[in-house]
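Here's the structure we're looking at; comments come further down.
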Amino acid sequence: VQLQASGGGLVQAGGSLRLSCAASGRTFAGYIMGWFRQAPGKEREFVSGIRWSGGSTYYADSVKGRFTISRDNAKNTVYLQMNSLKPEDTAVYYCAAGSPLTELRAARADYWGQGTQVTVSS
C-alpha cells in the first residue's frame, strides 16, 4: 500500500495550497482517507477526512470553513484545498487511511504516507 502526499510548500498568510494524496496497492472502499498534521514540538493531529465510499467529509474545528477535502475515485487521489492559511497551519501534513472516524480523530490510522511540509509565513 502506498499513499503519496505532495503539494506542500511555502506560502504567505492568507494564501492557498492544494495537497494531493495518491493511493495505490489496495482498494480503500470502507476506509476514511484522512489528512493529519504535526507541527514542531506538538502531537500529530487530525485535520480532515473523507469516506472513500459515499464521500462524507469531516473537519477539525480549527480548519472548518478554510479547508476542503475531496476525492477523485478514478485517479485514486484525495485532495486537501487549504485557503486563508495562517502561520499556525505550519506543519508537516500526512495523508492516511483508516477506520472508524473515532480512530482518525485520535490520529490513528492503518496506513500512512510520507509527509509534505507546509510553511505559512506571517
| message | Just to verify, what does W52 make a ring-ring contact (aromatic ring centres under 6.0 Å, His included) with, not counting sequence neighbours? | response | none

| task | Mind jotting down which residue pairs meet the ring-ring contact (aromatic ring centres under 6.0 Å, His included) criterion with at least one end in residues 92-122? Sequence neighbours excluded, please. | result | Y31-Y111, F36-W112

| field | Side-chain touch L19/T116, heavy atoms, less than 4.5 angstrom | value | yes

| message | My understanding is that only residues two or more places apart in sequence, or in another chain, count here; which of them pass side-chain hydrogen bond (donor to acceptor under 3.5 Å, both in side chains) with E45? | response | R37

| said: For the SG atom of C95 and the CG atom of L80, what is their distance to the nearest 0.5 Å? | reply: 10.5 Å

| said: I need the minimum non-hydrogen distance between T90 and V120, along with the two atoms involved. | reply: OG1-N, 2.9 Å

| Got a sec, which residues hit salt bridge (charged side-chain N to carboxylate O under 4.0 Å, His left out) with K64, two or more places apart in sequence or on another chain? | D61

| said: If the condition is side-chain hydrogen bond (donor to acceptor under 3.5 Å, both in side chains), which residues does T119 pass it with, not counting sequence neighbours? | reply: Q117

| query | Listed by chain and number, what are the salt bridge (charged side-chain N to carboxylate O under 4.0 Å, His left out) partners of R26, not counting sequence neighbours? | reply | none

| task | Could you walk me through whether M33 and I69 pass the side-chain contact (heavy atoms from CB on, under 4.5 Å) test, one step at a time? | result | CA-CA 10 Å; M33 307 300 294; I69 192 170; 5.7 Å; no

| note | Contacts satisfying salt bridge (Lys or Arg N to Asp or Glu O under 4.0 Å) that involve residues 73-84 (not counting sequence neighbours) are none

| request: Could you grab the distance from atom NZ of K86 to atom OG of S62, nearest 0.5 Å is fine? | output: 8.5 Å

| message | Please determine whether residues V78 and L101 belong to a single hydrophobic cluster, defined as Ile, Leu, Val, Met, Phe, Trp and Tyr linked transitively by side-chain heavy-atom distances below 4.5 Å. | response | no

| task | Determine whether M82 and V118 make a side-chain contact, defined as any pair of heavy atoms from C-beta on separated by less than 4.5 Å. | result | yes

| field | ring-ring contact (aromatic ring centres under 6.0 Å, His included) partners of residues 55-81, not counting sequence neighbours, each pair once | value | none

| field | Donor-acceptor contact present, side-chain S84 to main-chain G14, <3.5 Å | value | no

| task | Under the side-chain hydrogen bond (donor to acceptor under 3.5 Å, both in side chains) rule, collect the residues that match up with Q114, sequence neighbours excluded. | result | none

| field | Sidechain-backbone polar pair: E103 side chain, A107 backbone, donor-acceptor under 3.5 Å | value | no

| said: Please list all pairs meeting side-chain hydrogen bond (donor to acceptor under 3.5 Å, both in side chains) that have one or both residues in residues 7-22, counting only residues at least two apart or in different chains. | reply: S16-N83

| said: So, taking the atom named OG in S99 and the one named CZ in R51, what distance separates them when rounded to the nearest 0.5 Å? | reply: 6.5 Å

| query | At their closest point, which heavy atom of G30 faces which heavy atom of S53, and how far apart are they? | reply | N-OG, 3.8 Å

| request: Using side-chain hydrogen bond (donor to acceptor under 3.5 Å, both in side chains) as the criterion, list what pairs up with N76, not counting sequence neighbours. | output: none

| query | Linking I/L/V/M/F/W/Y whenever their side-chain heavy atoms sit closer than 4.5 Å, directly or via other members, would I32 and I50 fall into one cluster? | reply | no

| Remaining members of hydrophobic cluster (4.5 Å side-chain criterion), L10 | none

| message | Quick check: closest heavy atoms across S122 and A13, and the distance to 0.1 Å? | response | CA-CB, 4.4 Å

| Under a single-linkage definition using a 4.5 Å side-chain heavy-atom cutoff for Ile, Leu, Val, Met, Phe, Trp and Tyr, are L3 and L104 assigned to the same hydrophobic cluster? | no

